[in-house]
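Report on one structure; see the data block that follows.
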Protein chains: 2
Amino acid sequence: MAALGKVDAPGSRREPLDRARVVGAAVALADDKGVTGVTMRAVAGSLGVEAMSLYNHVRGRDDLLDGMVDAVFAEIELPTGEADWQDAMRRRADSARAVLRRHPWAVGLLDSRSAPGQATLRHHDAVLGALRAGGFSVAGAARAFSVIDSYLYGFVLQEVSLPFRSSAELNEVAGGILSGLDADQYPHLVEVTTEHALQPGYDYADEFDVGISLILGALQPDDLP
Amino acid sequence: MAALGKVDAPGSRREPLDRARVVGAAVALADDKGVTGVTMRAVAGSLGVEAMSLYNHVRGRDDLLDGMVDAVFAEIELPTGEADWQDAMRRRADSARAVLRRHPWAVGLLDSRSAPGQATLRHHDAVLGALRAGGFSVAGAARAFSVIDSYLYGFVLQEVSLPFRSSAELNEVAGGILSGLDADQYPHLVEVTTEHALQPGYDYADEFDVGISLILGALQPDDLP
DNA sequence: TGACGCTGCTTACACTGTAAGCCTACGGTA
DNA sequence: TACCGTAGGCTTACAGTGTAAGCAGCGTCA
């Protein structure tokens, strides 16, 4: 029935697979359909290949997900170390946030992945280096890193789970939610929605800058032992 | 083969299912085996029931996950509103963190769930209320809430994804990672691991307090318009 | 009594990850 | 030139997933 051992047209040799191509296809698929769309068959299909072929380049689905997370980290702009540490941290945070918004599925994958890849390690090392260069002690750098990244991940985690992307969508969605909300039961929620979130010009994305500025302003190399 | 329409022993009527029991069983299962262990069949099995019976109380797996997240929020201690706002926020954050550590799977579920439940709404409302009572403007309360919760979720997200729970495990794991780490390639990572994380008495959990104090100290009702 | 609705059960289906094993093309050697 | 080992595809098969469709026993009300 099916031709056994399919033969390619002799002129057009098939582009050989490798780990990078597999991971790249998986990332593209996740961007398009979310993490649940990343099935071995779908990834293979988008490469014109059968599912089991992927196992020559990837240990399994888990390994593939690890690779995807590392590929995302590779996109984050590393601090160069020459600038003022606050500027460096702000730019790195902005870059990381932009990357994570481009790949919203990655935030949810951060937990449950326990094997950091090359890009992840390089990224962490560069950030620590920038903080050390900015005058932080070893412990201080570790703490500053923890505080900044916690805020960063947490903000993006909330941001990507919002059921809207634009402020036009926001108005629509918030209106819908609001109508189902009892002002007696949730007075403050109603207040903040109508008087703040639904005001023209509001964009939750702007809040990121407020928080980062607040945190960077409060972090000082001398404060942390 | 199997008796059709199984009849229970007449004396021992089966405890009837309801949404709360289903969600409760799912939470217990997730605590035990992680979120991937929450299959409809497994949840049903732990209740002595078949998978399809759950659909009488839950719209589907997605709805079940929504219910689980809401059940977790219900465990968080609400701010009472009478204390100093900084104390209230600190206690709420500590409580939330304790709850999320008890149910580590919940953090990863926070994104991808877009339908907040009763407990979630009540929780958000209470936090906003405490901030308003502390003197924050509507916009200021929204911002403070965003900063605090971003840090909270982000910290827990990192915390629960660490591949160890105790500092004994830490030593073991960090030692293993370290041995695979090239000091030339990742100098700062090696430095912070050996000189900080592997020092006796180190516990990443303690960093939470540092960050929360820093953020609460930097947040002032008057700063935010 | 009878009808009805609630709840749990059975069956069935499409789809998942992946183990096992087969086939072909390529590269190096005799 | 002929040979053969290996790498990287392919096929098949299986256990486990969520859930749609429909059946059976029970309690409640007319």
Side-chain angles (χ1 to χ4, degrees), chain A residues 1-26 29-30 32-68 105 109 112-113 115, chain B residues 1-26 29-30 32-68 105 109 112-113 115:
Chain A
M1 158 176 233
L4 296 179
K6 174 162 57 171
V7 182
D8 310 295
S12 69
R13 291 275 337 105
R14 176 172 34 222
E15 195 70 16
L17 246 45
D18 59 9
R19 187 175 224 269
R21 288 224 307 147
V22 171
V23 169
L29 206 57
D32 195 33
K33 310 215 195 275
V35 124
T36 62
V38 179
T39 71
M40 300 305 272
R41 286 179 237 267
V43 173
S46 79
L47 289 163
V49 138
E50 295 300 314
M52 290 312 291
S53 303
L54 305 181
Y55 286 79
N56 288 312
H57 307 279
V58 136
R59 223 173 345 261
R61 187 167 190 270
D62 251 36
D63 185 36
L64 177 57
L65 295 179
D66 280 340
M68 292 168 68
W105 44 267
L109 242 46
S112 82
R113 309 287 94 211
Chain B
M1 162 176 225
L4 296 179
K6 173 161 58 169
V7 183
D8 310 294
S12 68
R13 294 278 333 106
R14 173 171 38 221
E15 194 72 16
L17 247 42
D18 59 9
R19 187 175 224 270
R21 286 223 307 146
V22 171
V23 170
L29 205 57
D32 196 30
K33 311 217 194 270
V35 108
T36 63
V38 180
T39 71
M40 299 305 272
R41 288 178 235 267
V43 173
S46 80
L47 290 162
V49 138
E50 295 298 315
M52 290 313 290
S53 302
L54 305 181
Y55 286 79
N56 289 313
H57 307 280
V58 136
R59 222 172 349 260
R61 187 167 190 268
D62 249 37
D63 185 36
L64 176 58
L65 295 179
D66 279 340
M68 292 167 68
W105 44 269
L109 242 47
S112 82
R113 307 289 96 209

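Just so it is clear: chains get the letters A, B, ... in the order the sequence lines come, proteins before strands, and each one is counted from 1.
Rounded to an integer number of Å, the gap from CZ of Arg21(B) to C1' of dT7(C) is 13 Å. One atom, CG of Leu65(A), and another, C1' of dT16(C), lie 14 Å apart when rounded to the nearest Å. Counting to the nearest Å, the C1' atom of dC23(D) and the CD atom of Glu50(B) are 15 Å from each other. The nearest whole Å value for the distance from the CG atom in Leu17(A) to the P atom in dG9(D) is 5 Å. dG8(D) atom C1' lies 14 Å from atom CG of Leu47(A), rounded to whole Å. dT7(C) atom C1' lies 5 Å from atom CG of Asn56(B), rounded to whole Å.
Across every non-hydrogen atom of Leu109(A) and Arg113(A), the tightest pair is O-CG, 2.7 Å. For Arg19(A) against Gly67(A), the heavy-atom pair with the smallest separation is NH1-CA, 3.9 Å. When all heavy atoms are compared, the tightest approach of Ala42(B) to Leu29(B) is CB-CD2, 3.6 Å.
Interatomic distance, CG of Leu17(A) versus CG of Asn56(A), reported as 8.5 Å (0.5 Å rounding).
Side chains of Met40(A) and Val43(A) form no contact here, defined as non-hydrogen atoms less than 4.5 Å apart.
Atom CZ of Arg59(A) sits in a sparse spot, with 12 or fewer heavy atoms from other residues, nucleotides or ligands closer than 6.0 Å.
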Under 3.5 Å, which protein N or O atoms sit close to an N or O of nucleotides 18-22 of chain D? Give each pair with its distance.
{"from": "dG18(D)", "atom 1": "OP1", "to": "Met40(B)", "atom 2": "N", "distance (Å)": "3.4"}
{"from": "dG18(D)", "atom 1": "OP1", "to": "Arg61(B)", "atom 2": "NE", "distance (Å)": "3.1"}
{"from": "dG18(D)", "atom 1": "OP2", "to": "Met40(B)", "atom 2": "N", "distance (Å)": "2.9"}
{"from": "dG18(D)", "atom 1": "N7", "to": "Arg41(B)", "atom 2": "NH2", "distance (Å)": "2.7"}
{"from": "dG18(D)", "atom 1": "O6", "to": "Arg41(B)", "atom 2": "NH2", "distance (Å)": "2.9"}
{"from": "dT19(D)", "atom 1": "OP2", "to": "Tyr55(B)", "atom 2": "OH", "distance (Å)": "2.6"}
{"from": "dT19(D)", "atom 1": "OP2", "to": "Arg61(B)", "atom 2": "N", "distance (Å)": "2.8"}
{"from": "dT19(D)", "atom 1": "O5'", "to": "Tyr55(B)", "atom 2": "OH", "distance (Å)": "3.2"}

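For the OP1/OP2 pair of dT7(C) and a distance below 4.0 Å, the side-chain nitrogens and oxygens of Ser53(B) include no atom meeting the criterion. In terms of phosphate contacts, His57(A) brings a side-chain nitrogen or oxygen within less than 4.0 Å of OP1 or OP2 of dG9(D).
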